[in-house]
Amino acid sequence: MAAFTVALVLVVAAAGLLRWRRPAWYWMTFGVTLASLRVLVRYTSVMDACGLTVPPSRWRLALARLTNRPMPESRPPRILRFRPTRTGLVLRLGLRPGQDAFDVAAASDRLRHSFSMYGVTSREVRSGVVEVRMTGYDVLKRVQMPAKVDTRPMRVPVALREDGSVHYRDYRAVPHALTLGATESGKSVYQRNLVAGLAPMDVALVGIDCKQGVELFPLARRFSALADNPDTAAELLDALVSRMEGIYQLIRAEQRITAAVPDAEIAADIWDLPDHLRPVPVVVLVDEVAELALFASKHEEKRRDRIITALVRLAQLGRAAGIYLEICGQRFGSELGKGITMLRAQLTGRTAHRVNDETSANMAFGDISPDAVLAAIQIPAELRGLAIAGDSTGGWHRIRAPHTSLRQAVNTCNRHADRTPDLPELAPFRPELTATAATAAPLSKTAPATA
């Protein structure tokens, strides 16, 4: 008996220590079993207390009266699937007649308390089926990406969501995106994860960093073109517009619209072209968009209009040509001048780290979801890297990218430097790599003067 008591005390002490120091280990050893039992045992009573049950149907009541049996109780949603994960539990529920997915979403906080879980989120899978994801601990406090992720062409795992799932940046589904964040909010780390994820792929990276290239130049071995000042950026964007027009001519020549060609084989973008003809896709990263939009003289105003016009054209027409925009900035407001709101309207993906004012959050999510605006302005300063990610559908998630140092990102880019494509249109802007970092050298060659 004494030995059993000592063993029990040791197990409880080990569980408490794991829960305090290593919550992920605690969940995989003790938490998942205890939580599964708690959810299954309490399920009916919790659903009833949260108002997620429906009264028995008339035919069941009539059958009970005819057979002189007790009146049937209210029925909760059916559990269609119950699956433990590395971060929590996933329940797929079949709704009863009269229930709605919004009812489950509205009761998420009550379910979290009732089941003693860290977080509960829900989404509608299809009509009448809702998936409820429960997390057993704070997965965003110490981000650990899963060993296996669903990688596809132009699909990069960049962060972890609060429900434990992986947040992907899928350029095929969301071509252009806007990323906002104040100083020391984690925006640069998010950008490093993005570049490191794109480095092993067959894609050309183009960077515009008007802070003299301090953010993107260390990664230059993987970039096909870099611009470190607004004048070079204007020339680079014009070259990208010319490349886009040339790709459209190639698609037009290869459409092969005849009666004998099936609809699925008619080319409408670069992904419909044969592999040997498909141009390499291009991802354009703009590190600080405000530096491209500010001006102090008439000459700078003309350059600014030229830059914004090129960005708007690429955002409107670049998807089919395989040109994708990743616009980053500390602030993105209408005070940056004409064309800014037009550019924002084309940026489907939105990610907002901690911002210093509500106006910036409104520029990111005001036309998508008021709840996302409220969540963005509530991000604490001590949680660097925490962000709100959403898109034009109105859905949003809390995400956090794993910490990636600049050295790690540089090593990844150097390891895959052989994948950097040489694009003739962007050759004048190929970064010049010097032998020593101390040598002061221009970031890119002088752009050719326009006629």
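Note: hydrogens, waters and symmetry copies are ignored here, and every other heavy atom, side chains too, is used.
- When every heavy atom of Val166 is checked against every heavy atom of Met145, the shortest pair comes out as CG1-CE, 3.8 Å.
- Ala345 pairs by the side-chain contact (heavy atoms from CB on, under 4.5 Å) definition with nothing, not counting sequence neighbours.
- Within the structure, the side chain to side chain donor-acceptor pair (under 3.5 Å) test picks out no pair touching residues 291-301 (sequence neighbours left out).
- Among pairs with a residue in residues 403-420, those fulfilling salt bridge (Lys or Arg N to Asp or Glu O under 4.0 Å) read Asp202-Arg419, at least two apart in sequence or across chains.
- Using a 4.0 Å cut-off between charged side-chain N and carboxylate O, Arg331 and Glu288 make no salt bridge.
- Leu198 pairs with exactly one of Val203, Thr412, Asn193 by the side chain to side chain contact (heavy atoms under 4.5 Å, CB included) rule, that one being Val203.
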Which donor-acceptor pairs under 3.5 Å do the side chains of residues 371-389 make with protein atoms, sequence neighbours left out?
| residue | atom | partner | partner atom | Å |
| --- | --- | --- | --- | --- |
| Arg384 | NH1 | Glu184 | OE1 | 3.0 |
| Arg384 | NH2 | Glu184 | OE1 | 3.3 |

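- Using a cut-off of 4.0 Å between Lys/Arg side-chain N and Asp/Glu carboxylate O, Asp170 and Arg152 are scored as not salt-bridged.
- Among pairs with a residue in residues 121-131, those fulfilling side chain to side chain donor-acceptor pair (under 3.5 Å) read Arg92-Glu131, Arg123-Glu131, at least two apart in sequence or across chains.
- In this structure Asp305 satisfies the side chain to side chain donor-acceptor pair (under 3.5 Å) test with no other residue, sequence neighbours excluded.
- Under the ring pair (Phe, Tyr, Trp, His ring centres under 6.0 Å) criterion, Tyr190 pairs with His353, sequence neighbours left out.
- Of all the heavy atoms in Lys187 and Thr179, the pair that sits closest is CD-O, 4.0 Å.
- Note on Glu162 versus Arg133: no salt bridge recorded, every NZ/NE/NH1/NH2 to OD/OE distance being 4.0 Å or above.
- Under the rule for a side chain to side chain donor-acceptor pair (under 3.5 Å), His176 has no partner lying at least two apart in sequence or in another chain.
- The residues Arg398 and Asp163 are annotated as not salt-bridged, no charged nitrogen and carboxylate oxygen being separated by less than 4.0 angstrom.
- For Phe102, the side-chain contact (heavy atoms from CB on, under 4.5 Å) test picks out Asp100, Ala106, with sequence neighbours left out.
- Partners of Phe223 under the ring pair (Phe, Tyr, Trp, His ring centres under 6.0 Å) rule, at least two apart in sequence or in another chain, do not exist in this structure.
- Applying the side chain to side chain donor-acceptor pair (under 3.5 Å) test to residues at least two apart or on different chains, the pairs with a partner in residues 316-328 are Arg169-Glu326, Tyr171-Glu326, Asp269-Arg319, Trp271-Tyr324.
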- Could you walk me through whether Glu215 and Leu406 pass the side chain to side chain contact (heavy atoms under 4.5 Å, CB included) test, one step at a time? CA-CA 9 Å; Glu215 291 286 349; Leu406 184 57; over 6 Å; no

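- Every pair tested for ring pair (Phe, Tyr, Trp, His ring centres under 6.0 Å) that includes a residue from residues 275-296 fails, sequence neighbours excluded, so the list is empty.
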